[in-house]
K.L.:
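What follows is a single structure, and I will ask about it in a moment.
Note that these values count all heavy atoms, side chains included, but never hydrogens, waters or copies made by symmetry. Letters A, B, ... mirror the listed sequences (proteins, then strands); counts begin at 1.
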Amino acid sequence: MQIATWNVNSLTVRLPQVLDWLQANPVDALGLQELKLTDDKFPLLALQEAGYHAVTHGQKTYNGVAILSRTPARDVVRNIPEHDDAQARIIAATLDTPNGPLRLINGYFVNGQAPGTDKFAYKMRWLEALREWVRKELAANERLVLVGDFNVAPEDRDSFDPVGLRETIHHTTEERQHFRDLLELGMCDAFRLFEQPEKSFSWWDYRMLGFQKNRGLRIDHILVSEALRPSVSACVIDRAPRKNPQPSDHTPVVVTLG
DNA sequence: ATGGTAGCTCTGCTA
């Protein structure tokens, strides 16, 4: 089975590209981020016609997440339980698979703007709450997958300019420690289970020909629990949608289990 | 040293 993540930066604008991509890449589940629309505007019918169920946690203007799946999702959670958050950044659900239930958490992690700002402090609090909740989810669900736009480049090799951007947003010691904390709970970065091309990125700034110059970051991730790790057979970044006219600034990441 | 682009909303914010 295959699970993917894609920050679409407005599902209203990107729906035709999502439908095209799903036709070419009929994954079993897809976590979407930055829908930038409310649930009443979610294109449920078009996605149902494409063969997907959907559970959504939408929001106007900013944020908004959804899980698309071939089979119905159950036990849906929206946002981190007991963590007050005005922003719609998390949706989690259980999928029933031939190998048993699989818990999928899809997140649009806080950007954080710059170290020292209120937004960065919010990012740190949000990551702490996420870590404590993932700890519980992992205790309850040994087959756990955490996908999304983490807004963290975990290592220097995940950035086009690790020296010039040292300790700037996505690159700070604190953000990277939070990423490692998630791994230390018993998750692993599926992408790094395999040999990968150098300068593999999942996001490129729209400005200054970022994609054309491959000035990007790897900030979209798929973490799998120890129980799932032996079944991971591939993990790739699909750069193709970033070449589309009117692309999202992010491109999909796909993991293959089994 | 600053601005560059995109989306949403409507003027500035977020990324």
K.L.:
When you measure from the side-chain N and O atoms of A/Lys60 to the phosphate of B/dT9, is any distance below 4.0 Å, counting only OP1 and OP2?
P.N.:
yes
K.L.:
Taking atom types as modelled, is there a side-chain donor on A/Asn106 or A/Gln33 under 3.5 Å from an acceptor on the other?
P.N.:
yes
K.L.:
Could you check how far OH of A/Tyr206 sits from P of B/dT5, rounded to whole Å?
P.N.:
13 Å
K.L.:
Can you see whether A/Lys123 engages A/Asn111 through a side-chain donor-acceptor pair at a distance of less than 3.5 angstrom?
P.N.:
no
K.L.:
Can you tell me which nucleotide in B/dG7, B/dT5, B/dG3 comes closest to the side chain of A/Met208?
P.N.:
B/dG3
K.L.:
B/dC13 base to A/Tyr62 side chain: any donor-acceptor pair below 3.5 Å?
P.N.:
yes
K.L.:
Once the angle between the rings of A/Phe150 and A/His221 is folded into 0 to 90°, is it parallel (under 30°), tilted (30 to 60°) or perpendicular (over 60°)?
P.N.:
perpendicular
K.L.:
Pick the P atom in B/dT9 and in B/dT14, then give their distance to the nearest Å.
P.N.:
14 Å
K.L.:
Rounded to whole Å, please give me the gap between CD in A/Glu34 and P in B/dG7.
P.N.:
11 Å
K.L.:
Heavy atoms from C-beta onward define the side chain here; which of B/dG3, B/dC8, B/dA15 lies closest to that of A/Val13?
P.N.:
B/dC8
K.L.:
Out of B/dT9, B/dA6, B/dA15, which nucleotide sits closest to the side chain of A/Tyr108?
P.N.:
B/dA15
K.L.:
DNA chain B: A/Trp203 or A/Thr61, which has the more 5' nearest nucleotide?
P.N.:
A/Thr61
K.L.:
Using the C1' atom as the reference point in each nucleotide, state the distance between B/dC10 and B/dA6 in Å, no decimals.
P.N.:
16 Å
K.L.:
Would you say A/Arg14 reaches B/dG7's phosphate, i.e. side-chain N/O to OP1/OP2 under 4.0 Å?
P.N.:
yes
K.L.:
Pick the P atom in B/dA1 and in B/dC13, then give their distance to the nearest Å.
P.N.:
25 Å
